[in-house]
Each structure stands twice: as structure tokens, then as C-alpha cells.
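Remember, it's a predicted structure, so these values are computed and weren't measured experimentally. Residue numbers begin at 1 in each chain, while the letters A, B, ... track the order of the sequences.
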Protein chains: 2
Amino acid sequence: MTVKEDYEKAMLESGLKMTIRRELVYHILYHAEFPIDVESIYKKLIHEKINLSTVYRTLESFVAKGIVKKGNLGNTSVATYELNRKEHKHHIVCVKCHQVVTLSGCPLEQYVKHLKETSGFEILEHKLEIQGMCPSCKNKDC
Amino acid sequence: MTVKEDYEKAMLESGLKMTIRRELVYHILYHAEFPIDVESIYKKLIHEKINLSTVYRTLESFVAKGIVKKGNLGNTSVATYELNRKEHKHHIVCVKCHQVVTLSGCPLEQYVKHLKETSGFEILEHKLEIQGMCPSCKNKDC
DNA sequence: ATTCATGCAAATGCTTTGCATCATT
DNA sequence: AATGATGCAAAGCATTTGCATGAAT
């Protein structure tokens, strides 16, 4: 399935109208290797006619429909967004330079299953982020 | 060790001066069962003479010294703070009412050990938050 | 005495919103 | 035609900062 087909499927299933701006944002999320913030998305759209508030609104409607997951960049208050794929990934973030490395696999599958059976909650998502210092920053004393 | 002794130890070790405001904030964090936001802290200090920006500055200097860990409330951009205890805890947060339940134990100890050996990063903290719907919200259709 | 902490007010930066216009259904 | 999407400008809100004063070392 192509990105475009993927996008169209998401719009149809969610009931959101198909527009150029939404497709642009969807494409960026689709090709992102890790959660990205609004500024990064907007910068990638510098040559397109799209307003910053449209980017925000697009992302929020995607989140409301479950198409996209919202998170935060490290411990900052900057929101990040990523496509809500079946195969989710977790990341290590460098506390200094914010470099992000994607980890393979999810170490929590068993644990989440356990919680579903014992917690009384309806378990939905989980957020896991490992913080550390990347090899490069580790060697700089700043 | 009492809260006060704990606080004094933290200030001595970090080099931060001991002040009434810092002690007040430290006490609140000490007795909090889960990460709390600045507004909640400030409300608990309503009868004390303390400025909101002092609360922010106090928390940020605690974070800088590793006394406190900073996070986020659910997927919002509101910062939360908790004491950086040896025995860290994780939580389930209700996506509707923001009720927080503390989980026992950390399911990631083995995994983090593994990452320390293989990732090339100096692994520091990790953030894990489970999102779900609490028993009460689960039964309300809103 | 020096260094750091605090209050206050103003500024910052990310995000949201009201409203008129435009595009998709 | 009706409903929803977008641009633009203004507002909102959490957080930060400059500066003068006050307190801890």
C-alpha cells in the first residue's frame, strides 16, 4: 500500500475530509523515523502554502481520530507527533543534543498483557522513553 | 531519616542554599504519591508567602541537581515533578479524568541493563507511562 | 562581604481560537 | 447547498527572565 492509499484510507475511516494540507502533513509523519515536533513539520512545508495553525489543527484532528499519537520531546513541553502504527517503537533520546535513536522491539508486551488482566483499567497506549547521553555528547565535557 | 533531614542532605550535597521556600517545595514533593504539576504545588502553598516564579525556579534548580525528575502530565504540555528516589515508580494515567495509579515495581530493569551494554549511550533515566481508562470512566459513555 | 534566592512585572514561546473565506462532500 | 477546512490575526496559558531587594553562606 502506498503512502497516498494509506492516507486516503485513514481519512475515509475517520470521516475527515481529504485535503492537500492534510495529505502533506500525513506524508511527513509517514516518513518520519521518530516523533517530530510542529516546528520541524512546518519547516518541511516551507515551500507549501500552509498556515502554522493549520498544521496544529491537522495534527490535533489526527490525534482525536487515533491516526496520530502525541507525546513530548524529552522533558520539554514541546509536543511531538508520530503516526499510530500497529508496530510501535520506542526511543533513546540524548539529554544534551536531543538526538533520537529508535529501538527495535517493545520490551513491554508481556507487562502490558499482565496489566490488562490485573489492573482494572482498560489499557490503551504506553509511552516509554529512555534518556541518556549519546556517544558523541558523552565525550564532550560541556 | 526525617523529611527535614532528607531535605538538608539534598541541599548540602547539591550546594544549593537552604531556604524556607525550597524546604516547602521539597516537603510537598516528598509527600506526593505521584508526579505533580506546578499549579498543584502552588495551590498547596496558598497560605505561604511564595511567588509562582520561585516555585518554577526552585523546581528547575532541583532538576538541574538531579534532586527532582521532570516529566509531563499525560500527553499535555504541562510539566510534572517528582522526587528522584532510588526506588522509582511508574504509573497508569486515566486519559479522561487524569486519575493516577502507582504501579509496583519496574518492568524495565533487565531491559535497561541490556541497553547499557549494547546501545553505546550512557543510559540515565527512563520514562514509562501507561495510558488507559480507569474503571469509573470506562463505565461512563461521554 | 559575597554569593545566591526571591518578588514582581514584563516578556517569551508554544498552542489555541474567532471569524471570514474557501474547498470538499 | 451544506458541512467542514483554512488563513489570518489575536488571544491564551504555562513558563522564563531582568532587575532590584533580601537572605544565606
Side-chain angles (χ1 to χ4, degrees), chain A residues 4 7-28 35-65 67-81 98, chain B residues 4 7-28 35-65 67-81 98:
Chain A
K4 181 152 189 147
Y7 158 73
E8 288 172 352
K9 184 159 171 277
M11 293 304 102
L12 285 172
E13 287 179 1
S14 65
L16 292 173
K17 287 181 178 170
M18 293 197 288
T19 71
I20 299 158
R21 320 294 140 93
R22 282 180 181 157
E23 190 171 347
L24 289 168
V25 172
Y26 193 92
H27 274 239
I28 290 170
I36 47 176
D37 61 16
V38 173
E39 193 191 348
S40 308
I41 295 171
Y42 192 58
K43 274 186 184 159
K44 286 177 195 284
L45 294 169
I46 195 96
H47 296 301
E48 309 289 338
K49 187 184 172 311
I50 185 168
N51 191 273
L52 182 58
S53 54
T54 302
V55 179
Y56 275 104
R57 274 194 276 229
T58 299
L59 290 167
E60 284 308 314
S61 47
F62 284 180
V63 169
K65 297 298 185 181
I67 297 165
V68 159
K69 286 198 293 183
K70 186 176 182 178
N72 289 94
L73 178 69
N75 279 338
T76 72
S77 63
V78 178
T80 58
Y81 300 86
H98 292 142
Chain B
K4 181 150 191 151
Y7 158 74
E8 289 173 350
K9 185 159 169 277
M11 293 305 102
L12 285 172
E13 286 178 3
S14 65
L16 292 173
K17 286 181 179 173
M18 294 196 287
T19 71
I20 299 157
R21 320 294 141 94
R22 283 179 180 159
E23 191 171 346
L24 289 168
V25 172
Y26 192 92
H27 274 238
I28 290 170
I36 46 176
D37 62 14
V38 172
E39 192 192 348
S40 307
I41 295 170
Y42 191 57
K43 274 187 184 160
K44 286 177 194 283
L45 293 169
I46 194 98
H47 296 301
E48 308 290 340
K49 186 183 173 312
I50 186 169
N51 192 274
L52 183 58
S53 54
T54 302
V55 179
Y56 276 105
R57 276 195 275 229
T58 299
L59 290 166
E60 284 308 314
S61 47
F62 284 180
V63 169
K65 296 297 184 181
I67 298 165
V68 159
K69 285 199 292 184
K70 186 176 183 178
N72 289 94
L73 178 68
N75 278 340
T76 71
S77 62
V78 177
T80 57
Y81 300 86
H98 292 142

Which residue lies more 5' along DNA chain D, comparing Leu52(B) with Met18(B) via nearest heavy atoms: Leu52(B)
Qualifying residue, where the test is side-chain contact (heavy atoms from CB on, under 4.5 Å) with Tyr81(B) and the options are Val63(B), Ile36(B), Val55(B): Val63(B)
Polar side chain donor-acceptor pair, Glu8(B) to Tyr26(B), under 3.5 angstrom: no
Nucleotide of dT15(C), dA5(C), dT15(D) approaching Ala79(B) most closely (side-chain heavy atoms): dT15(D)
Residue whose nearest DNA chain C nucleotide is more 5′ - Leu16(A) or Asn51(B): Asn51(B)
Given dT25(C), dG7(C), dC4(C), the nucleotide with the shortest approach to the side chain of Thr54(B): dG7(C)
Integer-rounded Å distance: dT6(D) P and Glu60(A) CD: 14 Å
Whole angstrom value for the distance that separates C1' of dA5(D) from NZ of Lys65(A): 14 Å
Whole-Å distance separating the CG atom of Leu45(B) from the C1' atom of dG7(C): 15 Å
Residue mapping more 5' on DNA chain D - nearest nucleotide basis, Val78(B) or Ser53(A): Ser53(A)
Quiz item: Arg57(B) side-chain donor-acceptor pair to dG7(C) base, under 3.5 Å: yes
Atom-to-atom span, CD of Glu48(B) to P of dG7(C) - whole angstrom: 11 Å
salt_bridge(Lys70(A), Glu60(A)) N-O dist < 4.0 Å: yes
Tyr56(B) OH to dG7(C) P, straight-line distance once rounded to whole Å: 15 Å
Minimum side-chain heavy-atom gap Leu24(A)-Thr58(A) below 4.5 Å: no
Phosphate OP1/OP2 of dT6(C) contacted by Thr19(B) side-chain N/O (<4.0 Å): yes
Distance in angstrom units between Met11(B) CE and dT25(D) P, rounded: 11 Å
Minimum-distance pair of heavy atoms, taken over all atoms of Leu45(B) and Ile50(B): CB-CG2, 3.8 Å
Side chain proximity check, Asp37(B) to Thr76(B), heavy atoms < 4.5 angstrom: no
Touch class at under 4.0 angstrom, heavy-atom based, for Ile50(B) against every strand present: sugar-phosphate
Nearest-angstrom distance from the residue atom CZ of Arg21(A) to C1' of dT21(C): 13 Å
Bend angle of the helix from dA1(C)-dT25(D) to dT25(C)-dA1(D), end axes from five pairs each (to 10°): 40°
Value in whole Å for how far the P atom of dT15(D) lies from CG of Asn72(A): 11 Å
Nucleotide of dG7(D), dA5(D), dT6(C) approaching Lys49(A) most closely (side-chain heavy atoms): dG7(D)
Under 3.5 Å donor-acceptor pairs involving side-chain atoms of residues 12-19 of chain A, not counting sequence neighbours:
unit_1	atom_1	unit_2	atom_2	d
Ser14(A)	OG	Ala10(A)	O	2.8
Ser14(A)	OG	Met11(A)	O	3.1
Ser14(A)	OG	Leu16(A)	N	3.2
Thr19(A)	OG1	Arg22(A)	N	3.2

